[in-house]
Number of protein chains: 2
Amino acid sequence: MDRSNYLPSVSIDCVILGFHDNELRVLLLKIKNLNIWALPGGFVELSQDLDLAATAVLKRRTGLEDIFLKQFKVFGAADRNQVETVDKMVADGILPEASRAWFAQRFISVGYYALVEYAEVIKPQPDFTSEACEWVPLNDLPPMIIDHTEIIKQAHITLKKELNYQPIGLNLLPDEFTIPELQALYETILMRKLDRRNFRRKILAYGILIDTGQRRMGAQNRAPIIYKFNKEEYQQVLARELESGIF
Amino acid sequence: MDRSNYLPSVSIDCVILGFHDNELRVLLLKIKNLNIWALPGGFVELSQDLDLAATAVLKRRTGLEDIFLKQFKVFGAADRNQVETVDKMVADGILPEASRAWFAQRFISVGYYALVEYAEVIKPQPDFTSEACEWVPLNDLPPMIIDHTEIIKQAHITLKKELNYQPIGLNLLPDEFTIPELQALYETILMRKLDRRNFRRKILAYGILIDTGQRRMGAQNRAPIIYKFNKEEYQQVLARELESGIF
DNA sequence: CCAAAAGTGTTCGGACTACACCCATGT
DNA sequence: ACATGGGTGTAGTCCGAACACTTTTGG
């Protein structure tokens, strides 16, 4: 693996969030032979846009493309390196001796977060340094490398703030869903209960839901209406928010 | 100048904003022998926190410390380098041949912005590559290097958004000021008129202003009350905002 | 006295909150 | 029938937008 193709000092970490069993989950890699987990990350090729490098990480781990991916913060503490971990991995033969210096260097890491539909990620892909790639509940994180716990925390804070000004759900929910399901997503992200009736009104007011005319049967209660996102309107609402601060 | 003390590939650009003559101004450096301007920037020492490096840039150019300085975005396009400009500067003897490679490399630049009190910056300091360091009105920018125009634009957008949830003015106004003066600052940042009465009510509701009991005399109209910021309350309001997304 | 701009109060409407009620579904 | 949770309506409250009047200052 030739490290000379990458920009030194710069890394990318992706907080890939999915929603399952009414829980927010983040995609993590378990480092071989160690009880330490890490965010999927990567480096930037010499002639590659930073955002593209992030997109490539997402693609590599999940197979997904065209997903909402957003830079949210840079992590640049002086002690952001992992000498001990790298030494151990070299000793275990996981990393070749030749790449010790590369991985042990200090990185400035750009944090990105993505929202993906859990079900569409068939088989998360570990890399050669990791023995597992799993969805881990956000509120039950294992020991993480360096500051990755903090990175996840910051991603979650960012997500909560975004929720106040933008609809969220496309990419995070299946194609078809009910309003109660969408509400469960919101409640999970915000970590608090919302009023059913007010939520419905607010979300319908966005004008981004399409009534499919179908209902979700099977439960021991009134069958809720199944909706789809009106993707054009959805994108327009997002764009309106982003535009809000034109120069 | 030994470049081996710095992290490669990573740079910092600071959008230092001041307020004067009812205009927002940004501190720019004019590159020697060229009609191109640049944001004050710098690099990160090998064992220096990223945020500290940004603070150092601010200190170096303005002499100011303990100023609100915030990371707002990373600029990582693949073509973010300045080969032609560097070649010209080396040819002109401004940059030593030995540092050509350093300055011509591709940088991932972390954007910071700062709000400073115009009057407190006595004499902005140019560096050895620049022949001037001046306050330039934000809506009358000269030709800028690489993507620095875009960086300033993004900083302004960020500032406008911050304004919606936080008070701004400490660091940007003199110690004593009137509410109409504070309103002029807001109107300049937001680039639109605000209602006098609603503005007054809203800003007083924050509880961060102290009536000094004095009035600004001299104008041909009723003398406005002079206020000071209640700095403790001000910081608390800011902290409350930042805390708002606790895990 | 007059122009100019500061200080004060009131009203209106929209958005969010907090509720109570009815309806459909599976057991 | 009944427990469960979905769909609908309504009154109260808060906040911001819009606007009219009075007060103070210098000329």
Side-chain angles (χ1 to χ4, degrees), chain A residues 21-22 160-161 163-169 173-174 176-228 237 240-241 244, chain B residues 21-22 160-169 173 176-228 237 240-241 244:
Chain A
D21 283 345
N22 277 359
K160 278 200 272 186
K161 289 188 176 168
L163 213 51
N164 292 323
Y165 322 113
Q166 297 177 14
I168 281 187
L173 287 178
E176 301 194 323
F177 55 90
T178 67
I179 289 186
E181 285 163 4
L182 182 58
Q183 181 176 345
L185 169 62
Y186 271 68
E187 290 179 341
T188 301
I189 294 176
L190 295 173
M191 297 188 301
R192 65 190 176 88
K193 283 285 171 195
L194 301 173
D195 184 275
R196 275 190 312 124
R197 299 150 282 199
N198 296 334
F199 179 79
R200 158 179 297 271
R201 189 176 10 219
K202 182 172 176 178
I203 208 73
L204 285 175
Y206 270 127
I208 54 173
L209 296 189
I210 301 174
D211 186 334
T212 64
Q214 296 177 297
R215 290 164 172 274
R216 168 100 64 235
M217 312 302 284
Q220 188 173 337
N221 54 41
R222 179 170 179 170
I225 300 170
I226 295 175
Y227 290 89
K228 289 163 56 167
V237 171
R240 223 171 294 151
E241 167 59 25
S244 71
Chain B
D21 283 344
N22 276 358
K160 279 199 272 186
K161 288 188 177 167
E162 301 274 322
L163 213 51
N164 291 324
Y165 323 112
Q166 297 177 16
I168 282 187
L173 287 177
E176 300 194 325
F177 56 90
T178 66
I179 289 187
E181 285 163 5
L182 182 58
Q183 181 176 344
L185 169 63
Y186 270 68
E187 290 179 343
T188 301
I189 295 176
L190 295 173
M191 297 188 300
R192 63 189 178 91
K193 285 284 172 195
L194 300 174
D195 184 275
R196 276 187 314 122
R197 299 149 283 197
N198 296 333
F199 180 79
R200 159 180 296 272
R201 191 180 5 224
K202 182 173 176 178
I203 208 73
L204 285 175
Y206 270 127
I208 55 174
L209 296 188
I210 301 174
D211 185 336
T212 63
Q214 297 176 300
R215 288 163 173 274
R216 170 99 67 234
M217 311 302 284
Q220 188 173 337
N221 54 42
R222 179 169 179 170
I225 300 170
I226 295 175
Y227 289 89
K228 290 164 52 168
V237 171
R240 223 171 294 151
E241 167 59 25
S244 70

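Chain identifiers are assigned alphabetically (A, B, ...) following the order of the sequence lines, protein sequences preceding nucleic acid strands; residue numbering begins at 1 within each chain.
Ranking C:dA5, D:dG6, C:dC19 by closeness to the B:R222 side chain, first place goes to C:dA5. Distances from the side chain of B:M217 to the nucleotides D:dT8, D:dG6, D:dG26 place D:dG26 closest. Of the candidates D:dT25, C:dC19, C:dA5, C:dC19 carries the atom nearest the A:R197 side chain, counting heavy atoms from C-beta on. Taking only side-chain atoms of A:D195, from C-beta outward, the nucleotide of D:dT4, D:dG6, C:dC19 with the closest atom is C:dC19.
Using a 4.0 Å cut-off between charged nitrogen and carboxylate oxygen, A:R216 and A:E176 do not count as a salt-bridge pair.
In this structure, A:K193 places its NZ atom 21 Å from P of C:dC16, rounding to the nearest Å. Atoms CZ (A:R215) and P (C:dG26) sit 12 Å apart, rounded to a whole Å. Between the CG atom of B:N22 and the P atom of C:dA5 there is a distance of 12 Å, given to the nearest Å. Atom pair B:F199:CZ and D:dC19:C1' shows a separation of 19 Å (rounding to whole Å applied). In this entry the distance linking CG of A:L204 with P of C:dA15 reads 15 Å, nearest Å. Separating the CD1 atom of A:I226 from the P atom of D:dG6 is a distance of 13 Å, rounded to the nearest angstrom. Rounded to an integer number of Å, the gap from A:D211 CG to D:dG7 C1' is 12 Å. Atom CG in A:L194 sits about 14 Å away from atom C1' in C:dA18, given to the nearest Å.
For B:R216 against D:dT24, a side-chain-to-base donor-acceptor contact under 3.5 Å is absent. Taking only distance into account, the side chain of A:R201 never meets the base of C:dA15 through a donor-acceptor pair shorter than 3.5 Å. Within 3.5 Å, a donor on the side chain of A:N198 pairs with an acceptor on the base of C:dA18, or the reverse. One donor-acceptor pair, N or O on each side, does fall under 3.5 Å between the base of D:dG7 and the side chain of A:R196.
Between B:Y186 and B:F199, the distance separating the two ring centers is shorter than 6.0 angstrom.
Judged by closest nucleotide on DNA chain D, A:Q220 is the one of A:Q220 and B:K202 placed further toward the 5' end.
Under the side chain to side chain donor-acceptor pair (under 3.5 Å) rule, A:N198 has a single partner from A:R200, A:R196, A:R201, A:K202, which is A:R201.
As judged by a 4.0 angstrom heavy-atom cut-off over every strand, A:A219 is placed among residues touching the sugar-phosphate backbone only. Among the atoms of the strands shown, none is found under 4.0 Å from any heavy atom of A:I179.
Side-chain contact between B:I203 and B:L209 is present, with at least one heavy-atom pair separated by less than 4.5 Å. In this structure the side chain of A:Q183 reaches within 4.5 angstrom of the side chain of A:L194, judged on heavy atoms.
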